[in-house]
Asker: 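Please find one structure pasted underneath; my questions will follow.
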Amino acid sequence: MNHWLMKSEPSVFSLEDLRRSPGQTAPWDGVRNYQARNYMADMRVGDLVLFYHSNCPEPGVAGTARVAREAYPDPTAWTPGHPGFDPRGPQPGPQGQPPQSPRWLMVDVTFLAAFPQPVTLAHMRGMAELAGMVLLRKGSRLSVQPVTPAQFQAVLAQAGRI
DNA sequence: GCCAACGTTGGC
DNA sequence: GCCAACGTTGGC
């Protein structure tokens, strides 16, 4: 089983929004970066996810989620008016079926747990176990990234300690 | 609001 | 293939 970190701006889609979704499950749409897409293609049902809140007053990991469905076409790519609309990408077929080789993919994730307090980015920077974590690398802005089992466990342990 | 870092685009 | 211009991300 693999471990991941996925970023979302809480003003757009927060961990609480995921918890309140039908079946506490929602598609992770809107990813428009090839490397992030490729990581999503590697995800398997049951993989564990650190749900990270970005671009907010206190950036950090808010809780955890689990991959509930493996990569499938992201329909927002051919939804005119959607922020993720990609007019250059493959468009759906005449009956509206997804394109044969869609450019953008999404997975479904299910809410697992909300931490009592988020494990903040500032705190994570001080955790020795997280040295080398993709999130903490200078200039890193990948919205979907791999996390080692040890890094995942370290964040969980820290969340339990707060 | 600022700005560094990064990714993409498009001319050549 | 190079690279300047531009747009986006995201912390601060």
Side-chain angles (χ1 to χ4, degrees), chain A residues 2-21 26-43 47-65 67 71-92 98-109 111-148 151-152 154-159 161-162:
Chain A
N2 288 316
H3 299 74
W4 310 94
L5 180 145
M6 300 175 88
K7 295 181 187 174
S8 185
E9 302 189 18
S11 63
V12 177
F13 188 78
S14 68
L15 180 62
E16 180 61 15
D17 291 328
L18 178 61
R19 193 184 65 75
R20 287 197 300 246
S21 297
W28 201 274
D29 61 18
V31 170
R32 295 295 180 270
N33 171 281
Y34 290 103
Q35 200 177 349
R37 177 205 65 183
N38 294 343
Y39 282 132
M40 285 202 297
D42 289 338
M43 292 183 179
D47 281 2
L48 297 176
V49 176
L50 295 174
F51 196 116
Y52 180 88
H53 282 167
S54 66
N55 205 8
C56 56
E58 188 131 271
V61 178
T64 55
V67 175
Y72 62 108
D74 177 353
T76 66
W78 57 84
T79 303
H82 190 282
F85 179 52
D86 179 10
R88 302 155 165 274
Q91 300 297 309
Q100 288 292 334
S101 41
R103 178 175 298 176
W104 301 115
L105 304 172
M106 61 187 187
V107 297
D108 286 356
V109 298
F111 173 88
L112 262 188
F115 295 157
Q117 302 287 334
V119 178
T120 66
L121 177 62
H123 192 93
M124 294 170 77
R125 290 195 192 285
M127 293 173 61
E129 313 94 295
L130 299 185
M133 191 176 184
V134 175
L135 179 77
L136 304 183
R137 293 217 268 261
K138 181 176 161 70
S140 165
R141 11 171 265 198
L142 256 189
S143 64
V144 178
Q145 15 176 300
V147 168
T148 68
Q151 291 164 349
F152 190 92
V155 173
L156 276 200
Q158 180 54 40
R161 216 173 279 137
I162 298 173

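Owing to the predicted nature of the structure, the values given are computational and were not obtained by experimental measurement. Convention: sequence-line order gives letters A, B, ...; per-chain numbering from 1.
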Asker: Less than 3.5 Å apart, any donor N or O on the side chain of A:H123 or A:Q158 sitting next to an acceptor on the other?
Answerer: yes

Asker: Is there a donor-acceptor pair under 3.5 Å between the side chain of A:D108 and the backbone N or O of A:V67?
Answerer: no

Asker: With a non-hydrogen cut-off below 4.0 angstrom, is A:R32 in contact with a base, only sugar-phosphate, or nothing?
Answerer: nothing

Asker: Quick one: how far along DNA chain C does chain A reach, first to last nucleotide 5' to 3', anything under 4.0 Å to a heavy atom?
Answerer: C:dG7 to C:dC12

Asker: To the nearest 10°, let me know how far the axis at one end of the helix from B:dG1-C:dC12 to B:dC12-C:dG1 is tilted from the axis at the other, five pairs an end.
Answerer: 10°

Asker: Taking the nucleotide of DNA chain B with the closest heavy atom to each, which residue, A:R103 or A:R141, is nearer the 5' end?
Answerer: A:R141

Asker: For A:V107, give me all partners under side-chain contact (heavy atoms from CB on, under 4.5 Å), at least two apart in sequence or on another chain.
Answerer: A:M6, A:W28, A:M40, A:M43, A:A71, A:V109

Asker: Within residues 52-59 of chain A, find the residues that approach DNA chain C with a heavy atom at under 4.0 Å, and present them sorted by residue number.
Answerer: A:Y52, A:S54, A:N55, A:P59

Asker: Applying the side chain to side chain contact (heavy atoms under 4.5 Å, CB included) test to A:L5, which of A:V155, A:V49, A:V61 qualifies?
Answerer: A:V61

Asker: Centroid-to-centroid, A:Y34 to A:W104, below 6.0 Å?
Answerer: yes

Asker: With nearest nucleotides of DNA chain B determined for A:Y34 and A:K138 from heavy-atom distances, which residue corresponds to the more 5′ nucleotide?
Answerer: A:K138

Asker: How would you list, by chain and number, every residue that makes a side-chain contact (heavy atoms from CB on, under 4.5 Å) with A:N33, sequence neighbours excluded?
Answerer: A:Q35, A:A36, A:L142

Asker: Show, in sequence, the C-alpha distance, side-chain angles and deciding distance for A:R32 and A:D86, and conclude whether the salt bridge (charged side-chain N to carboxylate O under 4.0 Å, His left out) test is met.
Answerer: CA-CA 9 Å; A:R32 295 295 180 270; A:D86 179 10; 5.7 Å; no

Asker: Does A:T76 use its side chain to pair, donor to acceptor, with the backbone of A:T79 at less than 3.5 Å?
Answerer: no

Asker: Sequence neighbours left out, what passes side-chain contact (heavy atoms from CB on, under 4.5 Å) with A:L112? Give chain and number order.
Answerer: A:L48, A:T64, A:R66

Asker: Closer than 3.5 angstrom, by distance alone: can the side chain of A:D47 be matched with the main-chain N or O of A:N2 as a donor-acceptor pair?
Answerer: yes

